[in-house]
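Before any comments, here is the structure.
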Amino acid sequence: MFRSTKRRTAGRRNFEEIASYGSGASNVKSGLYSQRLSFYDIPPLEEITLEEFEMWAIDRLKILIEIESGTARGKSAREIESSIKPMLMKYLPLNSSGNDMLNERRKDHYSHYILRLVFCRNEELRKKFIKNETLLFKARYNALQPKEQHEFINHYHDKLNWKYIDKDEKNALFDDLYAATGTVIRTMLMVDGGETISNDQLKQHIRVKENFIKLPFEKVPALVAGRQLYLSKGDVYVPSTLQLNLLAVEFQESLNKQLMRTFQAIPRLEEDDRLLPLLNHLANNFSSLQFDSYEADSTQASDIHAGSITTTAITKHYPLCATHLQRNMSHNSHLKYTGRQQLGLFLKGIGLSVDEALKFWAYQFTKNGSGMTMEKFNKEYKYNIRHSYGLEGGRTNYKPWDCATILSKPKPGKGEYHGCPYRDLSADSLVSNLNEMGISDQSEINTVLEDVNRREYTVACTRVFELTHKEQMANQKNAEGLHISHPNLYFDRSRQLERGENKTSVAESVAVN
Ligand code: SF4
């Protein structure tokens, strides 16, 4: 996709020049990565490869997509935090020590700045980026040890102008601090832990765990108006429990200003023909990046063959796009080109071999009354099916289409059934499909229709997945609520949940016997 060799171009800064901007150019040497968390207020200046540029951005995007989807589905901040935890460990770890510590911080820093380039272009994208990055920032701050939180605040002392009170001042003011902030601290602790806290436990908590900062009262008007803080001589005393909200506001304001600056610098960047296609690709396809494993899971594919893929044992795991295509193909004994591509690659992705695919399509197209002979089928369709498995022509092994690809194709015309039904079906038809999938509660249907009205089709699909797998997800502690961005991800997750349930019931029956 990109030239691997660097070239000199008039008007463009080249890496060698940037690297020679003096000793301050090295982000690592400058101590930039001394903290796990960052306000990202110093831009990266070191050289990275185009592959790193792309992969790091994609990895961060996966996290932001998950946050965006969780928010759209009404998950609480706590639920989102726990759903992104394993993803953070996989895609964007930030350990406090270890051999990779600096590289992890560098990746975090660069990926944030690359996505600024993607998301600075209009108001809507900026808002989305700020909202999701702030949630990520809060989740990561919560994961820091109290000592690290303290160090982080001290590191940004000039920016935040926060001052921790010392032990003596805290002891002298303890009764006032307890009287003013005890209620709000108790409430926050109960939200986190869910247990009732006695007065003695609360006092002990404040004495040991709460580090108070002292700020001029005009810096936190909202908190002062709530009358939940101790105010003395023009200063308010804010406990650790409430500091994260203040930090988040600082983070948002700073990011907003910096995104505007990036936006103003974009015309200069657009002269760069190496980065522009990549940035456009990231912006256009950001909802499709979650599911990168299109190979059929061999442990699940053993029962996938021409005969089984029309049975409910298998079709109950299909997302609506696949159901819609297969149902109409079966009804009409035919499917037009784009639909054949979309369904054929989906079936390939769930594990249908090329021989079984030929049997399946041949049977469907020639079955009674269709008027098509086997000879005609072999002449007109066999080559294309083999081609999609990489056995003809240029021998490209085509991947199943993700939701973004499906949504980027022209909408289905008369007699066509490809596309995404959440976008392409009328409201009535969609509701009747939802009913068939077992969703009949009007308020649940309304939430799906609201997603559709906002054009958030993959969010609607994810919501439908959650509604139709509610019990299985509740029974399996480790079931992840991931965003659906690929029809094959829908299928695989649905089967995994079923297999998990079967395992549990087998284990239970063994235990009973
Ligand atoms: Fe299919 Fe994706 Fe639409 Fe769901 S959101 S129906 S998986 S295209």
Side-chain angles (χ1 to χ4, degrees), residues 61-62 65-66 68-70 72-73 284-294 296-297 300 309 314-329 335-336 338-352 398-412 416-439 444-445 447-469 473 480-497:
L61 210 43
K62 288 175 180 168
I65 289 166
E66 191 53 37
E68 173 74 20
S69 171
R73 286 177 282 138
N284 293 336
N285 294 293
F286 85 96
S287 63
S288 70
L289 295 165
Q290 198 68 58
F291 185 66
D292 45 17
S293 160
Y294 75 92
D297 179 346
Q300 294 201 23
I309 58 171
I314 301 299
T315 57
K316 69 181 175 190
H317 301 294
Y318 282 16
L320 188 51
C321 52
T323 306
H324 183 61
L325 276 164
Q326 191 163 298
R327 185 192 292 146
N328 283 290
M329 191 264 286
L335 200 57
K336 290 194 179 171
T338 315
R340 288 202 305 273
Q341 293 288 101
Q342 184 177 329
L343 180 61
L345 291 172
F346 167 79
L347 294 174
K348 178 184 171 186
I350 70 171
L352 192 68
Y398 291 97
K399 294 180 186 185
W401 291 350
D402 55 35
C403 302
T405 305
I406 291 169
L407 287 161
S408 71
K409 303 277 172 197
K411 287 189 180 184
E416 290 183 316
Y417 303 97
H418 62 265
C420 172
Y422 294 101
R423 178 195 61 181
D424 300 326
L425 292 185
S426 67
D428 285 349
S429 176
L430 182 56
V431 170
S432 102
N433 273 281
L434 293 178
N435 291 158
E436 276 176 40
M437 292 169 93
I439 303 174
E444 291 179 347
I445 290 173
T447 54
V448 176
L449 294 178
E450 280 163 21
D451 294 332
V452 169
N453 287 339
R454 286 197 304 271
R455 299 191 193 165
E456 292 181 339
Y457 308 116
T458 52
V459 171
C461 189
T462 309
R463 195 185 295 282
V464 167
F465 183 93
E466 289 179 345
L467 291 170
T468 50
H469 295 78
M473 290 177 80
E480 292 177 53
L482 289 181
H483 179 70
I484 301 290
S485 55
H486 199 301
N488 291 80
L489 173 63
Y490 189 108
F491 180 85
D492 286 357
R493 287 194 57 217
S494 178
R495 292 202 85 194
Q496 274 160 9
L497 281 173

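Whatever order the structure lists ligands and atoms in, that order sets their numbers, starting from 1. The structure displayed is predicted, hence computed values, not measured ones.
- The shortest side-chain heavy-atom distance between T468 and I439 falls under the 4.5 Å cut-off.
- Scanning all protein heavy atoms for the shortest distance to atom 1 (Fe) of ligand 1 gives C321 SG, 2.3 Å.
- Looking at atom 2 (Fe) of ligand 1, its nearest protein heavy atom turns out to be C403 SG, 2.3 Å.
- Under the side-chain contact (heavy atoms from CB on, under 4.5 Å) test applied with F346, the options W401, Y318, Y490 reduce to a single match, Y318.
- Side chain of S69 to main chain of I65: no donor-acceptor pair is present (N/O by atom type, distance under 3.5 Å, no hydrogens or angles).
- In this structure, atom 3 (Fe) of ligand 1 lies nearest to the protein heavy atom C420 SG, 2.4 Å.
- The shortest contact between atom 4 (Fe) of ligand 1 and any protein heavy atom is with C461 SG, 2.4 Å.
- Side-chain contact check for H324 versus L425: some heavy-atom pair is nearer than 4.5 Å.
- Here R327 pairs with E436 in a salt bridge; the nearest charged N to carboxylate O distance falls below 4.0 Å.
- Residue contacts with ligand 1 include Y422, since one of its heavy atoms falls under 4.0 Å from the ligand.
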